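A short write-up of the structure that comes next.
Chain letters run A, B, ... following the sequence lines, proteins first and then strands; every chain starts at 1. For clarity, every value in this text was computed on a predicted model and none was experimentally measured.
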There are 2 protein chains.
Amino acid sequence: MANSKKQTVKQQKIIQTAIELFAEKGYANTSTAEIAKQAEVAEGTIFKHYGTKDRLLLSIIVPYLKEIFPSMADEVIGEIMGRNIATFDEFLEGFFTNRIQFFNENKEIFQVLVKEFIYNQELRNELFPYFSENVLLRFGKIFDHFQERGELENIPRERVMKMLFTFIGGFFVSRFVILTDYTITEEEIDDAVRFVMNGLRG
Amino acid sequence: MANSKKQTVKQQKIIQTAIELFAEKGYANTSTAEIAKQAEVAEGTIFKHYGTKDRLLLSIIVPYLKEIFPSMADEVIGEIMGRNIATFDEFLEGFFTNRIQFFNENKEIFQVLVKEFIYNQELRNELFPYFSENVLLRFGKIFDHFQERGELENIPRERVMKMLFTFIGGFFVSRFVILTDYTITEEEIDDAVRFVMNGLRG
DNA sequence: TCTGTTAGTGAGTAATTACTCACTTAATTT
DNA sequence: AAATTAAGTGAGTAATTACTCACTAACAGA
């Protein structure tokens with residue numbers, strides 16, 4: 001939505017096709033010739049717009065991380081402050097439901113992100129700042145918020161958040177990247193929330 | 001140890017170098033020419049022994065999965081039956097300590113396995129049977145064992161084991177593949193065991 | 001000592017790779 | 001309407017890719 005830098009129809013087709021192929025076979029196993037063919041463009045068109053294959057990948061990943069991620073996070077925070085979400089339980093359930101819907105709508109791009117994040121050390125180093133600034137920082141604030149309200153026991157924040165992220169990371173990666181045809185039920189969300197809540201209460 | 005099919009010195013160097021390079025840059029980003037150069041062999045030697053690059057990868061992964069994994073699992077089970085491990089707490093702590101040591105000793109090969117498992121759909125489909133037969137089945141038995149003893153509450157086994165594997169998977173992948181220079185403290189093992197135990201007790 | 005087998009070589013190959021560039025076509029600006 | 005810019009093309013390229021093959025060296029069994 002805010003991501004409108006006057007993209008051409010052909011540009012859209014290139015990006016869309018690249019996302020599909022990168023998600024399916026990985027960046028390293030996808031050639032620009034293949035993208036061009038499937039997107040019904042000349043190979044030169046890709047390089048006219050993106051210069052290198054590497055910058056094509058970045059022009060998929062960076063906007064996704066830079067624009068959509070934080071705005072969604074603020075949305076979640078807004079829900080807590082504005083609406084009637086009082087308990088950490090409720091927050092977690094909202095978070096899981098929200099994110100599951102979001103990742104379902106952007107499944108392929110999420111797959112690209114995770115696959116390259118794990119496969120490519122350099123990309124990982126470049127993206128870590130974004131990740132820690134946006135996700136870690138915001139989640140830390142939320143955690144503090146509920147801890148001040150006495151919702152969560154006074155366990156050392158850092159240590160417990162590590163456990164929380166380990167589970168959340170494992171949850172989304174396994175369900176959306178490894179088990180690509182998996183469907184998450186409401187029952188499973190409840191299980192996950194209960195598992196985390198009990199884990200944190202220790 | 002049982003893995004001695006009269007490997008040549010050059011064969012060992014090829015395998016060792018391939019593991020290093022695949023772990024660092026991924027299978028798809030490593031050329032056979034590069035492996036040959038770094039292992040100080042002719043490129044033809046690689047193909048004399050392994051035929052294709054694909055079979056070189058498999059000759060790294062399959063023995064690791066086929067021989068070392070189950071034998072270690074049996075070792076763990078043996079510990080429970082033989083030694084004085086009575087509670088699921090103790091088992092979990094033993095499991096984490098054991099596996100952390102093991103993966104530290106085979107860090108690179110574990111990285112290769114995880115990276116390709118996530119990157120390559122076909123490999124994933126081929127390895128899933130091994131995984132479910134060995135890991136899932138054995139873990140299920142252990143879980144039953146403690147559930148029969150009244151150690152664990154009678155929560156539906158399948159649902160709770162999903163949560164358990166989500167956490168364990170997230171734990172090992174994040175610590176050994178993503179944060180490659182991370183050191184796991186005993187304190188963190190305790191945190192992890194406590195997190196899981198509380199989670200399961202829900 | 002002869003002989004067959006295995007280990008190892010390295011030059012060579014067809015195919016594929018990311019990328020370039022001179023060019024045409026379409027859209028904007030003046 | 002003329003001029004400038006941007007979008008798009010596709011043939012071409014140097015480098016790299018996985019893999020082959022005719023060959024030599026080492027060595028074990030008869």
Side-chain angles (χ1 to χ4, degrees), chain A residues 3-63 112 115-116 119-123 126, chain B residues 3-63 112 115-116 119-123 126:
Chain A
N3 179 26
S4 56
K5 276 184 180 175
K6 293 165 194 167
Q7 271 198 325
T8 315
V9 182
K10 303 231 166 187
Q11 257 178 296
Q12 287 171 10
K13 282 208 80 177
I14 290 167
I15 293 288
Q16 181 51 37
T17 308
I19 290 171
E20 280 170 30
L21 291 175
F22 289 165
E24 189 196 335
K25 325 194 302 167
Y27 171 81
N29 294 320
T30 307
S31 69
T32 49
E34 202 181 349
I35 296 168
K37 195 184 170 188
Q38 193 166 312
E40 291 171 306
V41 250
E43 207 177 342
T45 311
I46 295 175
F47 290 94
K48 176 120 268 171
H49 286 298
Y50 305 101
T52 64
K53 193 191 167 191
D54 199 72
R55 273 173 38 207
L56 172 61
L57 175 65
L58 288 179
S59 69
I60 292 171
I61 286 180
V62 171
V112 174
K115 280 188 178 182
E116 296 313 317
Y119 215 66
N120 189 334
Q121 171 97 45
E122 279 182 41
L123 187 79
E126 281 179 42
Chain B
N3 177 28
S4 56
K5 276 183 181 175
K6 293 166 194 168
Q7 269 199 326
T8 316
V9 181
K10 304 232 167 189
Q11 259 179 297
Q12 287 170 10
K13 283 208 78 176
I14 290 166
I15 293 289
Q16 182 50 38
T17 308
I19 290 171
E20 281 171 28
L21 291 175
F22 289 167
E24 188 196 334
K25 323 193 302 167
Y27 171 81
N29 294 319
T30 307
S31 69
T32 50
E34 203 181 349
I35 295 168
K37 195 184 171 188
Q38 193 165 314
E40 291 170 304
V41 254
E43 206 176 343
T45 310
I46 295 174
F47 290 95
K48 178 122 264 171
H49 286 296
Y50 305 100
T52 63
K53 193 189 166 192
D54 199 72
R55 270 174 39 209
L56 172 60
L57 175 66
L58 288 179
S59 69
I60 291 172
I61 286 179
V62 171
V112 175
K115 280 187 179 182
E116 295 314 317
Y119 216 66
N120 190 332
Q121 172 96 43
E122 278 181 42
L123 187 77
E126 280 178 42

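- Counting only heavy atoms from C-beta on, B/Phe47 has its side chain closest to D/dT20 among D/dA7, D/dT20, C/dT9.
- In this entry the distance linking CD of B/Glu34 with P of D/dA15 reads 18 Å, nearest Å.
- When atom types are taken as modelled, the side chain of A/Thr8 and the backbone of A/Gln11 share no donor-acceptor pair closer than 3.5 angstrom.
- Distance, B/Ile46 CD1 to D/dC19 P: 11 Å, rounded to whole Å.
- B/Lys37 places its NZ atom 16 Å from the C1' atom of D/dT17, with the value rounded to the nearest Å.
- Between the P atom of C/dG8 and the CD atom of B/Gln11 lies a distance of 7 Å, rounded to the nearest Å.
- In terms of modelled atom types and a separation under 3.5 Å, the side chain of A/Lys53 and the main chain of A/Ser31 share no donor-acceptor contact.
- Residues B/Tyr119 and A/Lys25 come closest through the heavy atom pair CE2-O, 4.1 Å.
- One interatomic measurement links the two molecules: OH of A/Tyr50 to P of D/dG8, which rounds to 10 Å at whole-angstrom precision.
- Distance A/Lys10 NZ to C/dA26 P: 11 Å, rounded to the nearest Å.
- For A/Lys48 and D/dG8, a side-chain-to-base donor-acceptor distance below 3.5 Å is present, hydrogens and geometry of angles not being considered.
- Nearest nucleotide to the A/Glu43 side chain, out of D/dG8, C/dT9, C/dC19: C/dC19.
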**Request:** Could you please spell out the steps behind the side chain to side chain contact (heavy atoms under 4.5 Å, CB included) verdict for A/Lys13 and A/Val41?
**Result:** CA-CA 8 Å; A/Lys13 282 208 80 177; A/Val41 250; 5.7 Å; no

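- With A/Tyr27 contributing its side chain and A/Asp54 its backbone, the two residues share a donor-acceptor pair below 3.5 Å.
- For B/Ala42, taking side-chain heavy atoms from C-beta onward, the closest of the listed nucleotides D/dA18, D/dG8, C/dG10 is C/dG10.
- Distance from the side chain of A/Thr45 is smallest to D/dG8 among D/dG8, D/dA18, C/dT9.
- The separation between B/Lys25 atom NZ and D/dT16 atom P is 12 Å, rounded to whole Å.
- When each of D/dC19, C/dA18, C/dC19 is scored by its nearest atom to the side-chain atoms of A/Thr52, the top-ranked nucleotide is C/dC19.
- Contacts of A/Ser31 with the nucleic acid, taken as non-hydrogen atoms under 4.0 Å apart, involve only primed sugar atoms and P, OP1 or OP2.
- Separating the CD atom of A/Glu40 from the P atom of D/dG10 is a distance of 12 Å, rounded to the nearest angstrom.
- The nucleotide whose nearest atom lies closest to any side-chain atom of B/Lys53 is, among C/dT9, D/dA18, C/dC19, D/dA18.
- Within the nucleic acid shown, A/Thr8 comes within 4.0 Å of sugar-phosphate atoms alone, with no base atom in reach, counting heavy atoms only.
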